[in-house]
Amino acid sequence: MTKIPTLLIVWHSRTGAAKAMAQAAFEAAAGECTARMLAADDVQPEDMLWATGYLFVCPENLASMTGAMKEFFDRHYYPVLGRIEGRPYAAMVAAGSDGQGAVRQIERIATGWRLRRIADSLIVCTDAQTPEAIAAPKRLGATDLARCGELGAMLGAGVSMGIF
């Protein structure tokens, strides 16, 4: 029996930006393949094993991925190690100004899992710089959401066609 091409979008969001990014990617990917969007806290090892590709989405917090996303990776690293090698992945990060710290962390973990990065990580900068702006709910513009959708569609299409 051949496995159905599937994309798992794992996300965490504090102020709504990363969730909106994941949702835009999910909507575009769902037109290309079977896709699921799960909050990082809800993902189980079986979900990781079920998928043939992954999109990891989170905000950057103090130059790192958020604690909930790190916890997702901590809970799943060993249960799926050696069982998902070679599968494609991409990452998206919502950041106030930089995003590179969270990207580096996700890419290092994915390298340990021996996943294949199929696109440069997408960083959406919100330009939030004050404590109030950082903590405030975020609304992303159409251009940023379109970029997230493009990555989701590309990843979904590639998973569906088996080209990754």
Side-chain angles (χ1 to χ4, degrees), residues 6-30 35-85 87-141 144-145 147-149 151-152 155-156:
T6 55
L7 176 65
L8 176 62
I9 299 173
V10 179
W11 65 276
H12 175 255
S13 187
R14 288 181 184 271
T15 62
K19 183 177 182 180
M21 293 167 66
Q23 186 67 42
F26 170 76
E27 290 170 5
R36 285 179 72 193
M37 182 175 144
L38 291 175
D41 291 342
D42 297 333
V43 178
Q44 299 300 314
E46 301 80 41
D47 299 312
M48 293 292 295
L49 297 172
W50 166 86
T52 53
Y54 311 98
L55 179 57
F56 304 115
V57 187
C58 70
E60 183 174 72
N61 189 26
L62 301 173
S64 301
M65 72 176 96
T66 56
M69 197 68 173
K70 174 70 166 63
E71 173 64 17
F72 153 76
F73 285 116
D74 287 345
R75 284 187 300 111
H76 292 87
Y77 191 81
Y78 292 109
V80 302
L81 185 63
R83 301 170 72 188
I84 61 172
E85 291 178 357
R87 294 180 190 183
Y89 88 96
M92 297 192 302
V93 171
S97 60
D98 183 44
Q100 292 297 320
V103 166
R104 274 191 301 277
Q105 288 180 309
I106 293 169
E107 290 179 354
R108 288 184 71 184
I109 293 165
T111 297
W113 269 337
R114 313 255 183 322
L115 298 178
R116 286 184 299 135
R117 188 180 68 173
I118 53 85
D120 289 338
S121 294
L122 175 61
I123 298 171
V124 172
C125 288
T126 65
D127 298 316
Q129 297 300 305
T130 66
E132 296 79 18
I134 291 166
K138 307 290 185 295
R139 292 185 49 87
L140 300 180
D144 287 327
L145 293 174
R147 292 171 53 215
C148 298
L151 181 56
L155 183 54

Minimum heavy-atom separation for [X] to [Y], with atom names?
X: Leu140; Y: Met21; result: CD1-CG, 3.4 Å
X: Leu151; Y: Ala91; result: CD2-O, 4.2 Å
X: Ala22; Y: Ile9; result: CB-CG2, 3.9 Å
X: Met92; Y: Leu55; result: CE-CD2, 3.9 Å
X: Ser13; Y: Ala18; result: OG-N, 3.5 Å

Return the set of residues passing side chain to side chain contact (heavy atoms under 4.5 Å, CB included) with [X] (not counting sequence neighbours), or none when no residue passes.
X: Ala51; value: Thr6, Leu8, Tyr54
X: Pro45; value: His76, Pro79, Val80
X: Gln44; value: Glu46, Asp47, Arg75
X: Ala40; value: Val10, His12, Met69, Phe72

Q. Just wondering, do Ile123 and Val103 contact through their side chains at under 4.5 Å, heavy atoms?
A.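 The answer is yes; the side chains approach within 4.5 Å.
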Which side-chain N or O atoms in residues 125-136 pair as donor and acceptor under 3.5 Å with protein atoms at least two apart or in another chain?
from: Thr126; atom 1: OG1; to: Ala95; atom 2: O; distance (Å): 3.3
from: Thr126; atom 1: OG1; to: Ala128; atom 2: N; distance (Å): 3.4
from: Gln129; atom 1: NE2; to: Gly96; atom 2: O; distance (Å): 3.2
from: Thr130; atom 1: OG1; to: Ala133; atom 2: N; distance (Å): 3.0

For [X], what residues pass the side-chain hydrogen bond (donor to acceptor under 3.5 Å, both in side chains) criterion, not counting sequence neighbours?
X: Thr52; result: none
X: Lys70; result: Asp74
X: Arg147; result: Asp144
X: Gln23; result: Glu27

**Q.** ring-ring contact (aromatic ring centres under 6.0 Å, His included): pairs with one or both residues in residues 102-132, sequence neighbours excluded
**A.**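 Listed by first then second residue: Phe73-Trp113, Tyr77-Trp113.
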Q. Any sub-3.5 Å donor-acceptor pair from Arg87's side-chain atoms to Glu85's backbone N or O?
A.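 Checking the backbone N and O of Glu85 against the side chain of Arg87, no donor-acceptor pair under 3.5 Å is found.
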**Q.** Side-chain (Gln105) to main-chain (Ser64) donor-acceptor, under 3.5 angstrom
**A.**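 Judged by distance alone, no pair lies under 3.5 Å.
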Q. Excluding sequence neighbours, so at least two apart, what forms salt bridge (charged side-chain N to carboxylate O under 4.0 Å, His left out) with Glu107?
A. Arg117
Q: Answer yes or no: are there more than 12 heavy-atom neighbours, outside Arg116 itself, under 6.0 Å from its atom CZ?
A: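 Yes, CZ of Arg116 has more than 12 neighbouring heavy atoms, counting only those of other groups under 6.0 Å.
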